[in-house]
Amino acid sequence: MSHQELSEQELIRRQSLRELEELGIDPYPAAEFQVNTNSAEIIENYNAEAKNYQDICLAGRIMSRRIMGKAAFVELQDQQGRIQVYVNRDEICHGEDKTLYNTVFKKLLDIGDIIGVCGDVFITQTGETSVKAKELKLLSKSLRVLPIVKEKDGQIYDAFTDPELRYRRRYVDLIVNSHVRDIFIKRTRLVNTMRDFLSQRGYLEVETPILQPVYGGAAARPFKTHHNTLDQTLYLRIANELYLKRLIVGGYDGVFEFSKDFRNEGMDRFHNPEFTQIELYVAYKDYFWMMNLVEEMVEKIAMNLHGTTQVQVGEHVIDFKRPWKRFTMYEAIEHFTGIDISEMDEAQLRETAKNLGVTPDETMGKGKLVDEIFGETCEHQLIQPTFITDYPIEMSPLTKKHRSKAGLVERFEAICNGKEICNAYSELNDPIDQRARFEEQLELAKRGDEEAMMLDEDFLRAIEYGMPPTAGIGIGIDRLSMIMTNAPSIQEVLFFPQMKPEKTDLADGDEKFSALGIASEWIPIIRRAGIARLEQLKEAKPGKLHNDICGINKKTNAGLSNPTLDDVKSWIEKL
RNA sequence: GACUCGCUAGCUCAGUAGGUAGAGCACAUGCCUUUUAAGCAUGGGGUCCUGGGUUCGAAUCCCAGGCGGGUCACCA
């Protein structure tokens, strides 16, 4: 990057960097800086009478500075929080030489720099627990200016809120917005709670392929890639269901995987092209058993994250306390519309759908119609966690037929805050039925359904060897994280949500301009005229460019002697 | 993909019938004290997203584009 593109403040920081080096201070020292406490620990445990926390060391980033002559206050931020550091000239400079305070600390350090501090904890006159610095060491010089977010009495000033900047520069978001750091800590705690919960029950955490020759386990469009050596098309997995079931065939009684899945579909505040699910399969169980498990597990997550089963989500308080409400899909529809559709034929369903505001198209079969009616009339009204059970068979090609109700399968979803948070079923283990269901999917694909499932011959072979009756579930980690952290969008619970690439506008180096016979002192001026790359120069009108750069020379008092118009033309002609 | 809103200093944001571009914080210089979104004084800092058009003149009006946000459609 050319220095011409740096802001004034960035130039000043680079200058400070040079001055530090001239003073013999390494702005990026290699040696370990030994820390023996942190901000939160001090604030929680310091006791003025006990005089504890003397001669402590901690490290962190400077978040604000208040300099008053020979004394100064610095807010230091470490992973745990912030603590004030009192820096007094004569406390950190023991001899006559006050350079460390007057020059290094006051002039050459900035907000954003990472420092290590050793000293004693005390309480200031205004009652704030602080560290009196006896030693101060620069650990990393920051060359970019952080957004300055200030806070007083819970009121936040100049908050760093622009979503584009926050997502593209998540590191800045994390530095400046402690509540954002907290969201991701909660997310990890959520995952760890699940992992512990399932591991303690003896289920095995496993890993299965992300690159799959045949994708399956869900209705979705995949990402496609290619393996050179095999000269073979591979897909990024859209689900890991079929591999985990193979492991159940292989004899494990319970397997689960936290899996990054990829779906080549739209993006919005509930969808990212890559997302995380946990899938769990347990042999000899059915979907009723699985409902009890998920209830218990999610209740425990709420307790671990919030200390209560009640969680504020938007304007609602959601209570995850067991037991959750249970409805069959037909019951839910009847509950919210007063209409019993359980005995209707396709024509009646179509008519009912129209009356309820669904616009059915001709391709929709009975199952799809029921699903649409449910989505339109029920789903968004289900705020408290609710199980919806017994789905139409058409929508569920991997699910066992209902033990007693024709046309339905043994499947449930848990709906919470109007959105599905998990999807589970008694797994289909009848290989003959499974083959027939795949063949129905192939028919759908022929009719143009891009989300229809592929026929996975090896998976069929596996269950032909015999798979025990099995209960399976998938839980969207991102969606559940949104609920558990009261996040309004999936981007808020992903460190690096997918975004269009940032415009880079890569500038060409000085040497490329020099090669055209342009004197080095004119290169920055040409850049300033908006020409960063040779291709831009190529398209520039010589008259205008000549005019522009002479103007800039004059305006900035650069004092250069102007090139002639012919000079400018000759640069452009060489391209 | 459709509709809609936004893009101005490092950050948060004002602004103008179209006429030299503003504030606060941050930055620089100075004063000063165990201070509290510190204070006072002075100063520097901007291709007002990009490109085209209208105009004597565009950051402002018009058109196109880029990138984001929101809503809707598909989907977890």
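Protein chains get the first letters and strands the later ones, always in sequence-line order, with residue 1 at the start of each. Values below: every heavy atom of this structure, side chains too, minus hydrogens, waters and symmetry copies. All values reported here derive from a predicted model rather than from experimental measurement.
- Scanning for ring pair (Phe, Tyr, Trp, His ring centres under 6.0 Å) contacts around A:Phe256 gives an empty result, with sequence neighbours left out.
- A donor-acceptor contact shorter than 3.5 Å links the side chain of A:Gln491 to the backbone of A:Asp268.
- Comparing B:A38, B:A26, B:C11 by their closest approach to the side chain of A:Met68 singles out B:A38.
- Shown here are the ring pair (Phe, Tyr, Trp, His ring centres under 6.0 Å) partners of A:Tyr281, two or more places apart in sequence or in another chain: there are none.
- The partner of B:U50 is B:A64, by the rule that a Watson-Crick or G-U pair needs both atom distances under 3.5 Å.
- Taking a pair to require two hydrogen-bonding distances under 3.5 Å in either a Watson-Crick or a G-U wobble arrangement, B:A2 pairs with B:U71.
- When distances run from any side-chain atom of A:Lys500 to the nucleotides B:C25, B:G68, B:U34, the shortest one goes to B:G68.
- Per the geometry, CZ belonging to A:Arg144 stands 16 Å off C1' belonging to B:A26, to the nearest Å.
- The distance between atom CD1 of A:Ile67 and atom P of B:A26, rounded to the nearest whole Å, is 11 Å.
- Remark: the A:Thr126 side chain and the B:U34 base include no donor-acceptor N/O pair separated by less than 3.5 Å.
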Write down the protein N/O and nucleotide N/O pairs, taken from nucleotides 27-29 of chain B, whose separation is under 3.5 Å; answer none if there are no such pairs.
unit_1	atom_1	unit_2	atom_2	d
B:C27	O4'	A:Gln9	OE1	3.2

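- Here A:Glu420 lies in heavy-atom contact (under 4.0 Å) with sugar-phosphate atoms only.
- Counting any heavy atom pair closer than 4.0 Å across all strands shown, A:Gln277 reaches no nucleic acid atom.
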Check nucleotides 69-73 of chain B for protein N or O atoms closer than 3.5 Å to its own N or O atoms and list the pairs.
unit_1	atom_1	unit_2	atom_2	d
B:U71	OP1	A:Arg269	NE	3.3
B:U71	OP1	A:Arg269	NH2	3.4
B:U71	OP2	A:Arg269	NE	3.0

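- Nucleic acid contact class of A:Asn264 (heavy atoms, under 4.0 Å, all strands): none.
- When both pairing distances are held under 3.5 Å, B:U35 makes no Watson-Crick or G-U pair with any nucleotide shown.
- Looking at the side chain of A:Thr161, the nearest of the listed nucleotides B:U34, B:U36, B:C13 is B:C13.
- In this structure, A:Arg82 pairs ionically with A:Glu75, as a charged nitrogen and a carboxylate oxygen lie closer than 4.0 Å.
- Using a 4.0 Å heavy-atom cutoff across all strands shown, A:Lys260 reaches no nucleic acid atom at all.
- Taking A:Arg221 as the reference, A:Glu450 meet the salt bridge (charged side-chain N to carboxylate O under 4.0 Å, His left out) condition, with sequence neighbours excluded.
- Residue A:Phe122 is the one, among A:Thr276 and A:Phe122, whose nearest nucleotide of RNA chain B lies closer to the 5' end (criterion: closest heavy atom).
- The backbone N or O of A:Glu49 sits less than 3.5 Å from a side-chain atom of A:Asn47, completing a donor-acceptor pair.
- Scored by the ring pair (Phe, Tyr, Trp, His ring centres under 6.0 Å) test, A:Phe320 finds no partners at all (sequence neighbours excluded).
- If you check B:A17 for Watson-Crick or wobble pairing at under 3.5 angstrom, you find it has no partner at all.
- Of the nucleotides present, none pairs with B:U55 by Watson-Crick or G-U wobble criteria with both distances under 3.5 Å.
- Taking a pair to require two hydrogen-bonding distances under 3.5 Å in either a Watson-Crick or a G-U wobble arrangement, B:G44 remains unpaired.
- Among the protein residues, A:Ala72 comes within range of no part of the nucleic acid, since none of its heavy atoms lies under 4.0 Å from any strand.
- Both distances falling under 3.5 Å, in either a Watson-Crick or a G-U wobble arrangement, place B:C25 opposite B:G10.
- For the salt bridge (charged side-chain N to carboxylate O under 4.0 Å, His left out) test, residues two or more places apart in sequence or in another chain that qualify with A:Arg166 are A:Asp173, A:Glu492.
- Taking every side-chain heavy atom of A:Lys132 into account, B:U34 is the closest of B:A26, B:U12, B:U34.
- A salt bridge is defined here as a Lys NZ or Arg NE, NH1 or NH2 lying under 4.0 Å from an Asp or Glu carboxylate O, and A:Lys245 with A:Glu241 meets this definition.
- Under the rule for a salt bridge (charged side-chain N to carboxylate O under 4.0 Å, His left out), the partners of A:Lys98 that lie at least two apart in sequence or sit in another chain are A:Asp90.
- For A:Lys366, there are no salt bridge (charged side-chain N to carboxylate O under 4.0 Å, His left out) partners two or more places apart in sequence or in a different chain.
- Closest to the side chain of A:Pro147, out of B:U12, B:C25, B:C11, is B:C11.
- Residue A:Gly476 is out of contact with every strand shown, counting any heavy-atom pair closer than 4.0 Å.
- Remark: the A:Glu128 side chain and the B:U34 base include no donor-acceptor N/O pair separated by less than 3.5 Å.
- The side chain of A:Arg66 places no N or O atom within less than 4.0 Å of a non-bridging phosphate oxygen (OP1 or OP2) of B:U35.
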